[in-house]
Amino acid sequence: MFFRAATRSLSAQSRQFSSSAARQSKVAVLGAGGGIGQPLSLLLKLNPLVTELSLYDIRGAPGVAADVSHIDSKSEVHGYPADKLDQALEGTDVVVIPAGVPRKPGMTRDDLFNTNASIVRDLAAAIARVSPKAHILVISNPVNSTVPIVSAVLEKAGVYDPAHVFGVTTLDVVRAQRFLAGIVGADPKEVPVTVVGGHSGTTIVPLLSQTPHGKGVTGEAYKKLVHRIQFGGDEVVQAKEGAGSATLSMAYAGARFTGDLLRAINGEKGVVTPTFVKSPLFADQGIDFFSSNVELGPNGVEKILPLGQISAEEEELLAASLPELKKNIEKGKKFVSQS
């Protein structure tokens with residue numbers, strides 16, 4: 001029962017590909033022993049588009065690999081300890097990075113910066129050296145800064161392809177759909193919400209006006225909904241009472257985005273989802289990374305789509321988000337330049 005429920009959403013996206021038709025896809029999870037990494041590894045093991053799963057962490061990855069390898073799906077699983085990072089990355093098509101420390105009560109994503117920035121920088125350097133053509137999916141927070149860090153490290157190494165580096169902002173989309181659906185009494189799958197900007201607090205801008213259900217939410221209800229989407233992670237941190245952050249929902253969101261990318265790599269057309277990438281949309285304001293709807297393709301970023309028509313309230317949210325987003329991006333770049 002659990003297997004069917006857990007795989008329904010993810011496998012439905014890839015059901016049109018038979019195992020013989022799908023290309024070989026090796027996916028590495030860096031940070032597989034952690035709170036996000038373990039359930040993420042489980043969900044990726046269930047995705048039929050993953051043919052090989054490479055799990056790495058400074059501790060625990062071989063055990064996670066042994067555990068999920070018993071699941072009766074076709075993919076092969078290998079676990080690698082701290083001193084085997086290069087082996088974990090060899091021949092990898094997609095690298096997902098949930099590595100880092102989680103938030104605790106009272107912490108912002110920026111509070112995580114110093115520790116997670118160093119972790120992500122070092123992992124990016126290894127990817128540049130061993131698997132420079134891999135698609136890199138960054139989950140480690142603060143994403144607004146870690147994606148520029150990964151990009152700068154790859155650029156320094158001379159292997160940077162902007163089409164291959166993604167900040168996973170899918171959890172904002174998942175929350176927006178879930179929370180909006182709860183208000184209007186609909187199935188979350190029937191209320192798609194585009195979320196743009198960044199991946200922390202006020203940099204998260206849900207475009208509720210672009211979905212019919214969202215247009216009907218106004219006034220105080222609208223303000224509360226936007227705030228909950230922007231700060232939904234705080235609910236989980238507080239509810240876990242210091243024992244962790246949003247690990248399970250983030251693992252689901254990470255697996256969902258990985259599945260979207262694998263579908264596009266396998267040739268499916270019209271795969272569009274928000275993600276934080278190198279973007280021209282606000283580059284004239286010094287903001288060269290931005291999350292918006294992106295059409296994915298075999299080479300990663302196929303097309304960055306415009307925001308479309310947005311409401312006056314969303315214009316205000318966007319204007320408020322840009323200065324903070326710019327500061328986050330510059331912080332990441334500065335970290336690499338001073339390393």
Side-chain angles (χ1 to χ4, degrees), residues 6-14 17 25-32 36-50 53 92-100 120 134-144 146-147 150 162-178 188-189 192-200 204 206 229 232-233 246-266 268 270-279 289-305:
T7 58
R8 189 177 297 120
S9 176
L10 296 169
S11 63
Q13 297 174 345
S14 50
F17 298 104
S25 295
K26 179 178 180 179
V27 177
V29 178
L30 307 185
I36 296 172
Q38 291 197 40
L40 174 61
S41 299
L42 166 66
L43 292 171
L44 291 176
K45 180 69 172 80
L46 303 180
N47 189 321
L49 295 182
V50 177
L53 194 55
T92 301
D93 301 290
V94 175
V95 181
V96 190
I97 309 179
V120 169
H135 298 79
I136 305 171
L137 282 51
V138 183
I139 291 174
S140 307
N141 275 316
V143 165
N144 295 355
T146 52
V147 170
V150 170
H164 283 194
V165 181
F166 307 86
V168 179
T169 60
T170 311
L171 182 52
D172 302 325
V173 177
V174 168
R175 284 178 174 144
Q177 293 182 195
R178 176 64 256 179
K189 297 295 184 288
V193 180
T194 298
V195 182
V196 303
H199 185 55
S200 65
I204 298 168
I229 293 166
T247 53
L248 300 175
S249 52
M250 184 64 247
Y252 166 77
R256 176 168 145 174
F257 182 80
T258 306
D260 288 342
L261 180 60
L262 289 172
R263 287 161 51 215
I265 289 173
N266 272 274
E268 183 176 335
V271 180
V272 176
T273 186
T275 177
F276 188 69
V277 296
K278 182 88 168 176
S279 173
F289 292 88
F290 193 82
S291 181
S292 63
N293 271 334
V294 171
E295 183 173 347
L296 304 174
N299 191 46
V301 175
E302 195 78 26
K303 185 187 299 182
I304 294 170
L305 304 179

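FYI, the numbering just counts along the sequence from 1.
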Heavy-atom check, side chain of [X] versus side chain of [Y], under 4.5 Å:
X	Y	result
V120	V150	yes
V138	V168	no
L40	V29	yes
V294	T273	no
V147	H199	no
V277	I304	yes
V272	L305	yes
N266	S25	yes

Spacing of [X] atom [atom1] and [Y] atom [atom2] [to the nearest 0.5 Å]:
X	Y	atom1	atom2	result
N144	S200	CG	OG	4.0 Å
E268	L262	CD	CG	11.0 Å
I97	I136	CD1	CD1	6.0 Å
L296	T275	CG	OG1	7.5 Å

Would you name the heavy atoms of [X] and [Y] that are closest together and state the gap between them?
X	Y	result
G254	I139	CA-CD1, 4.1 Å
N47	G259	ND2-CA, 3.7 Å
P274	V195	CB-O, 3.5 Å
D172	I204	OD1-CD1, 3.4 Å
A255	L43	CB-CB, 3.7 Å
I36	T247	CG1-CA, 3.8 Å

Holding to side-chain hydrogen bond (donor to acceptor under 3.5 Å, both in side chains), I want the full list of residues that pass it with [X], two or more places apart in sequence or in another chain.
X	result
S291	T169
K26	none
S279	none
T194	N293

Mind checking what makes side-chain contact (heavy atoms from CB on, under 4.5 Å) contact with [X], not counting sequence neighbours?
X	answer
P298	E302
A246	L171, R175, V236, S249
H135	V94, L137, H164, F166, L261, I265

Partners of F289 by ring-ring contact (aromatic ring centres under 6.0 Å, His included), sequence neighbours excluded?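 Partners of F289 under the ring-ring contact (aromatic ring centres under 6.0 Å, His included) test: none.
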Output all residues satisfying ring-ring contact (aromatic ring centres under 6.0 Å, His included) with F276, sequence neighbours left out; order by chain, then residue number.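 F276: no ring-ring contact (aromatic ring centres under 6.0 Å, His included) contacts found.
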Under the side-chain contact (heavy atoms from CB on, under 4.5 Å) criterion, do L49 and R263 qualify, and how do the steps go? CA-CA 8 Å; L49 295 182; R263 287 161 51 215; 3.8 Å; yes
